[in-house]
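All ligand and atom numbering here is 1-based and tracks the order in the structure. All figures in this text were calculated on a predicted structure; none of them were measured in a lab.
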Amino acid sequence: MAQRKKLIVGNWKMNMNVHQASVFIHHLSKKVAVHRDVEVVVSPTMLALQPLSLQIDRRQFKLAAQNFYFRDHGAFTGEVSATQLSGLVDYALVGHSERRHVFHEHDKLIRDKVQAAVRNRIKPILCVGETAHERSEGETTGVLHDQIVGGLANITSEELSSIVIAYEPVWAIGTGKNAMPDDVKKAVHTIRNQVKHLFGEAAAQAIRVLYGGSVKPDSAASYLAIPGIDGLLVGGASINVHEFELIIASAHHRADSPEAWAL
Ligand code: PEP
């Protein structure tokens, strides 16, 4: 049975300034124990990455960039590259639904970003998921297929080991709507099948798959119990110290349970 480290990622989006981010992590650090089998990652505003990188104990927290540009350097006013983030962050979100839908990021750009992250030794968290309309039209499987094939098009089998996939149904993000565990289970199965088709059985067993979409302390455990789910991508609840602490505690609890590693 594959042993995949649990991963809890807090996406702070465009919330908190540098000072507030520092105070937040100070409070959170008092509440979160270091756990060998659970990684906790926070993704603050780009401005806070540098100061937080000096403040955190990397055994307790890792950092993720919310965004970056796919070119390594050059005349791209206002952009930040994966090369510039290299060494500062361990992870980066790619293809988050807000980037896809608010900023119209398309599959080619997302593919280029996945490649740029890997090239710069940053682990991409590739976010995939269907909209409410696509779901009502029965297109979920097709959407996941296209987003995975598109996002991983230029990746080799060796590079795949650094990639995380987050299943985030768009209609569940920031809405308070909860995806049913059975639907999440089906989606995770589709994702692993697609990875198996592209990269083989061992890769499908090894890749970490997260769930994201309005996760709160009272729903975290039920998502973490879904076979094949290795962690959570948390938005709203990750900017509340108490809520995020409880979600992390659910992952600790899960990692300690005997069925924690079932596919
Ligand atoms: C997200 O930002 O990826 C997310 C899942 O947000 P929320 O938890 O607020 O739905």
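Considering backbone and side-chain atoms together, G174 places an N or O closer than 3.5 Å to an N or O of ligand 1. Where the criterion is an N or O separation shorter than 3.5 Å, residue side chain and backbone included, G235 meets it with respect to ligand 1. Among the atoms of G212, none of the N or O lies under 3.5 angstrom from an N or O of ligand 1.
The single protein non-hydrogen atom nearest to atom 1 (C) of ligand 1 is H96 NE2, 3.2 Å, given as residue, atom name and distance. From the protein, the heavy atom lying nearest to atom 9 (O) of ligand 1 is G236 N, 2.8 Å. Ranking protein heavy atoms by distance to atom 5 (C) of ligand 1, first place goes to E168 OE2, 3.0 Å.
Taking the charged nitrogens against the carboxylate oxygens, R71 and E79 have no contact shorter than 4.0 Å, which rules out a salt bridge.
Side-chain heavy atoms closer than 4.5 Å link hydrophobic residues (I, L, V, M, F, W, Y) into clusters, and following such links, possibly through other members, connects Y223 to L144.
Of all atoms in ligand 1, listed by their number and element, those nearer than 4.0 Å to a heavy atom of G213 are 5 (C), 10 (O). Close contacts between ligand 1 and S214 involve ligand atoms 7 (P), 8 (O), 10 (O) [criterion: under 4.0 Å to a heavy atom].
A donor atom on one side chain and an acceptor atom on the other are found under 3.5 Å apart for N120 and T83.
A heavy-atom separation below 4.0 Å is found between A172 and ligand 1.
Heavy atoms from both the backbone and the side chain of I173 come within less than 4.0 Å of ligand 1.
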Which atom pairs, one a donor and one an acceptor, fall under 3.5 Å between side chains of residues 38-49 and the rest of the protein, sequence neighbours left out?
unit_1	atom_1	unit_2	atom_2	d
E39	OE1	Y91	OH	2.8
E39	OE1	R208	NH1	2.8
E39	OE1	R208	NH2	3.2
E39	OE2	Y91	OH	3.1
S43	OG	A64	O	2.9
T45	OG1	L47	N	3.3

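Of all the heavy atoms in L88 and L63, the pair that sits closest is O-CD1, 3.8 Å.
E168 places no side-chain N or O within donor-acceptor distance of the main-chain N or O of S97, the cut-off being under 3.5 Å. Without hydrogens or angle criteria, R99 side chain to I110 main chain gives no donor-acceptor distance under 3.5 Å.
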